[in-house]
Q: 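Handing you this structure, nothing more for now.
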Amino acid sequence: MKELPKAYDFRGVEEKWYRYWEEKGFLKPKLDPKRPRFSVVIPPPNVTGKLHVGHALNTTLQDVIVRYKRMDGYDTLWVPGTDHAGIATQNVVEKALAKEGLSRHNLGREKFLERVWQWKEEYGGAIIEQLKRLGCSCDWSRLRFTMDEGLSRAVREVFVRLWEEGLIYRGDYIINWCPRCHTALADIEVEREPTPGHLWHIRYPLADGSGYIVVATTRPETMLGDTAVAVNPEDERYRHLIGKKIKLPLIGREIPVIADKEVDPEFGTGAVKVTPAHDFADFEIARRHGLPFVKVMDEDARMTKEAGPYAGLDRFEARQKVVEDLKAQGLLEKIEDYEVVLGKCYRCDDIVEPLLSKQWFVKMKPLATPAIAAIERGFTRLIPENWKNLYFDWMYNIRDWCISRQIWWGHRIPAWTCKDCGEITVSRNTPEACAHCGSQNIKQEEDVLDTWFSSALWPFSTLGWPEDTPELRLYYPTSLLVTSFDILFFWVARMLMMGLHFMGAVPFRDVYVHALVRDEKGQKMSKSRGNVIDPLIMIEKYGTDAFRFTLVALAAQGRDIKLAESRIEGYRHFVNKIWNAARFVLMNLDGFEKIDLTQAELPRESLWILSRLSKTVAQVRRALDEYEFDQAALTAYHFFWHEFCDWYVEMSKRFLNEGGEARKLAQNVLLEVLETSLRLLHPFMPFVTEEIWQALPHEGESIMVAPYPKPVKEFEDESVEAELERIKEAIVAIRAIRADYNIHPTADIKAIFRAEKEESLRLFEEFSPVIKQLARLSELVLQKGGERPHGAAQAVLSEAEIFVPLEGLVDIEAELKKLAKEEAKVLKELSRVKSRLENEGFLKKAPKEVIEKERVRRKELEEKLEKIHENMKRLKELT
RNA sequence: GGGCGGAUAGCUCAGCGGGAGAGCAUCGGCCUUACAAGCCGGGGGUCACAGGUUCAAAUCCUGUUCCGCCCA
């Protein structure tokens, strides 16, 4: 038998097995229509990305399930890939160019894109290598990238079809504009942040000179673009002014006072300025009332010539100047402190401006309706379920999706505008001429599509759509999507909409939504806070298995994960524990001969551990099936360490020393439990389990393709489990006496078990070898009733009393104290049980089993109490 | 303002109708030939607060306080 080194060193081991799995093709699906299938697509990380702890959690959870299913006989496919991350990647490359003193505008579109591709080839693969370090079992031969040729074709196909169906349109709308990234953003790409600001109260004089109306605004510079003042039609204060004209200060334009029910009379003065080109609500008001749109700020957030004397000023300078000028003209009534909610770009954090511009949109209502139904009817399950509410809330209030981005890196919109007739031609292939007038004077749209547009197609585009591929037929819909809640709407909802629309079926059966990983104080990890835990550093330090196990053990549903490095360190100890248990088994495997354990005549101790093993297997499987990752991990952990190692391994030493048949049986049981546990743990800790498994007698090429353990009902035995609980209780009681009296662990002692009942004594007699072994007794005396020994330390169990004679050493005061403490505990419990059993309602309404359980408990407690009292009495007589 | 989640041992968290648990930390004793990254034993909690439902509440309901997140 192979002997293992004394401590587990993961270095070298992880790379070795990962290479082996890849070379052997274990990561690949079988494309076997006869087997049940399990498929997953990875949430594609940004190609610019670096593995952070969120990726690590997400990937580990997927791998746990994927490995479980693969071992459990499913034909398993896990598609990996990356996302081109338009804005983020463009920003990164632009930054690099800036260091060379270049900008994308110097280079021009074509050259710039070449540079991005170059950058992608050079650095884009980093995160893929990092995912491998985590041990994730994706099929790397199917690595996809959202800008790949195949995926780009899918994007075009979708765009063209949606256009043809009238679900894509182009128009002048108000959108979120990032002046720094120089592009439109979707609503959800804007992060809102409450910021201290002001509310300026400005006097707007009536054109007829009969007075003024005061409007309140948080953005005074936009007044230059006002085309009305609006009040609520119910508002008595302003009713007489409706229809009158205002002479807009600083600009002199005449604008009307209008009534609109959306105006909140409680806000400010109840009269609001309407700036249709620079405010979402005002845009809607203007559309309802047919007001003109005056754009006073451009794409750089500078004032346009419409802003008259303010033209050319930056938005913040303009604000200052406008306020000064109003003050100078005596039109500024007051300035209040006011908290404003600023929209910020989720990529660069610059303040987003609502801006009127020409953009492309997808109509959402027709796509959202089936996607709502899919969740309502359970075609796709959200786990945990409470995300459903948020999902429905979002989906019912969905607004059209602005999909055009004014950047270069991305899928260029396949639309060509004719310079002659002005019509748009949308086409799968680059057209020669305008589809409307035949003119060749056509020009392709400059804008690219939102990155999420291509991600929305991910579950079918990666499987080959629009081609009709075997993969698509076999693995769509996918089985599971694991993702973080923050992209539920960005991504998951859109995949549902696109999947339903183009495939006619939901893209995934289950969506497991995991939490955010925070630091140990519950704060979001961020570079600026300096509290980031780098997964790669953790892997270097503690090994992948320990790191993965920690994440899984902390992944309780519906709760954020607070990760502390000490937890990882703690679970590294578990890895080492497994290693050493394996070492022990291997050291004792000489002359090993396999036997059929279900046919063997085994000692009760061995029946016990096999029963516990079977139940543990069932519990772990159930937890995994329910995506209760923490329960799965902790159940396996507890069994392996605190049942197998702490008890059975110790018990087995006796059998091993005995030699002969006893040794042979013990070898088989040890190996069975160890090997099964390794398979049980493999999805959580792929590397150490493989390393050990390969060193054990085994069948097959790798643990990752060995069958996942199944419960063995023949091994489950309640009575054996109950017996062992009593035996363990007795052993612990004797060990406690040792500790109390500072008796050296190796010093031999004698114990007397006194019980009234024959059957109790029989139990202790049957198990006396193991009690003697684990409590280190030189002698175990069984005494039926009779006088209690003098000069002994003692412990009271429910059906026996244990005495350890300590001639002259017994501290009577200490013994009394111990008993008094025990007495208090028993009394408290007994009074609770008694009052319950005296309660008529309880006896009438509680289930029979519960009542019976309480009765048994009462009896046990009473017996125990009696023994405590007798022992106390006796001890007192001695003083 | 609306919605969701949380408050359980010093810390991090399970448990979510019938005997308060785990890991870490802590205290005491042990290098007992698998493991000191270990073993054995111990201490530590009016389960946020106030009501209610129930035979029975940490667990279900209502309200309050505090904390976090999302949306407006």
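Just so it is clear, the structure is predicted and the values come from calculations on it, not from any experiment. Naming convention: chains lettered A, B, ... in sequence-line order (proteins, then strands); numbering from 1 in each chain.
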Q: Sticking with atom P, work out how far B:C60 lies from B:C47, rounded to a whole angstrom.
A: 16 Å

Q: Side chain of A:Phe842 only, heavy atoms from C-beta on: which candidate in B:G18, B:C70, B:C39 is closest?
A: B:G18

Q: Choose from B:G28, B:A14, B:C69 the nucleotide whose nearest atom is closest to any side-chain atom of A:Gln631.
A: B:A14

Q: Please tell me which of A:Val850 and A:Ala736 maps to the more 5' nucleotide of RNA chain B, matching each residue to the nucleotide holding its nearest heavy atom.
A: A:Val850

Q: Taking only side-chain N and O atoms of A:Lys653, does any of them lie within less than 4.0 angstrom of OP1 or OP2 on B:U33?
A: no

Q: Take atom CH2 of A:Trp394 and atom P of B:A72, then tell me their distance rounded to the nearest Å.
A: 10 Å

Q: Under 4.0 Å between any heavy atoms, over every strand shown, what does A:Asn576 touch: base, sugar-phosphate, or nothing? Just pick one.
A: base

Q: With both distances under 3.5 Å as the test, what is the Watson-Crick or G-U wobble partner of B:U12?
A: B:A22

Q: So, applying ring-ring contact (aromatic ring centres under 6.0 Å, His included) with A:Trp387, which one of A:Trp394, A:Tyr512, A:Phe485, A:Phe489 is it?
A: A:Phe485

Q: Which nucleotide wins on minimum distance to the side chain of A:Val732, given the candidates B:A37, B:G41, B:G23?
A: B:G41

Q: Taking the C1' atom in each of B:G21 and B:C16, what is the distance between them to the nearest angstrom?
A: 14 Å

Q: Please name the nucleotide paired to B:C39 by Watson-Crick or G-U wobble geometry with both distances under 3.5 Å, or report none.
A: B:G29

Q: For A:Phe489 and B:G3, what is the distance between atoms CZ and C1' respectively, to the nearest whole Å?
A: 15 Å

Q: Once you round it to whole Å, what is the distance between C1' of B:G2 and CG of A:Asn397?
A: 12 Å

Q: Just checking A:Lys844: base, sugar-phosphate only, or nothing, at a heavy-atom cut-off of under 4.0 Å?
A: nothing

Q: Starting from C1' on B:A72, measure out to CZ on A:Arg399 and report it in whole angstrom.
A: 12 Å

Q: Can you tell me, in whole Å, how much space there is between the P of B:U64 and that of B:G1?
A: 12 Å

Q: Could you tell me the separation between the CD1 atom of A:Ile568 and the C1' atom of B:C24, rounded to a whole number of Å?
A: 13 Å

Q: Would you say A:Asn839 and A:Arg836 are linked by a side-chain donor-acceptor pair, where the criterion is simply a distance under 3.5 Å?
A: no

Q: Using a heavy-atom cut-off of 4.0 Å across all strands, would you classify A:Arg738 as base, sugar-phosphate, or nothing?
A: nothing

Q: Whole angstrom is fine here: how far is it from CE in A:Met587 over to C1' in B:C35?
A: 9 Å

Q: Partner of B:A7 by Watson-Crick or G-U wobble geometry, both contacts under 3.5 Å, or none?
A: B:U65

Q: Given that A:Pro847 and A:Val649 both sit by RNA chain B, which one's nearest nucleotide is further toward the 5' end?
A: A:Pro847

Q: Taking atom C1' in both B:G52 and B:C69, compute the distance separating them and give it to the nearest angstrom.
A: 30 Å

Q: Mark yes or no for a side-chain to base donor-acceptor pair under 3.5 Å between A:Glu854 and B:A56, with no hydrogen or angle criteria applied.
A: no

Q: Is the backbone of A:Arg776 close enough, under 3.5 Å, to the side chain of A:Arg738 for a donor and an acceptor to pair up by distance?
A: yes

Q: Does A:Glu650 reach a base, just sugar-phosphate, or nothing at all? Heavy atoms under 4.0 Å.
A: base

Q: Taking the P atom of each, how far is B:U59 from B:A25, in whole Å?
A: 31 Å

Q: Do you know which of A:Glu823, A:Glu829, A:Glu822 makes salt bridge (Lys or Arg N to Asp or Glu O under 4.0 Å) with A:Lys864?
A: A:Glu822

Q: Could you tell me how far B:G19 sits from B:A57 if I compare only their C1' atoms? Round to whole Å.
A: 14 Å

Q: Nearest whole Å is fine: how far is B:C70 P from A:Tyr396 OH?
A: 24 Å

Q: Between B:A9 and B:A22, how far is it from one C1' atom to the other, in whole Å?
A: 11 Å

Q: Just verifying a value: how many Å separate A:Leu382 CG and A:Phe392 CZ, rounded to the nearest 0.5 Å?
A: 7.5 Å

Q: Heavy atoms only, 4.0 Å cut-off, all strands: where does A:His744 land among base, sugar-phosphate and nothing?
A: sugar-phosphate

Q: A:Asp646 has an atom CG; how far is it from atom C1' of B:G41, in whole Å?
A: 13 Å

Q: Does a side-chain heavy-atom distance below 4.5 Å link A:Ser677 with A:Leu613?
A: yes

Q: Considering Watson-Crick and G-U wobble pairs with both distances under 3.5 Å, what does B:U46 pair with?
A: none

Q: B:C30 and B:G23: how far apart are their P atoms, nearest whole angstrom?
A: 23 Å

Q: Does a distance-only test, which skips hydrogens and angles, find a donor-acceptor pair under 3.5 Å between the side chain of A:Arg735 and the base of B:G41?
A: no

Q: Output yes when at least one side-chain N/O atom of A:Trp641 is less than 4.0 Å from OP1 or OP2 of B:C39, else no.
A: yes

Q: Are A:His573 and B:G23 close enough that a side-chain N or O sits under 4.0 Å from OP1 or OP2?
A: no

Q: Are A:Lys577 and A:Tyr8 in a cation-pi setup, meaning NZ or CZ lies under 6.0 angstrom from the ring centre and within 45 degrees of the ring axis?
A: no

Q: Taking the side chain of A:Phe584 as its heavy atoms from C-beta onward, which of B:G23, B:A34, B:G19 lies nearest to it?
A: B:A34

Q: Just compare B:G28, B:G23, B:A34 and give me whichever is closest to any side-chain atom of A:Ala739.
A: B:G28

Q: Within a 6.0 Å radius of atom NZ on A:Lys365, are there more than 12 heavy atoms belonging to other residues, nucleotides or ligands?
A: yes

Q: Would you say a side-chain N or O of A:Arg857 is under 4.0 Å from OP1 or OP2 of B:G19?
A: yes

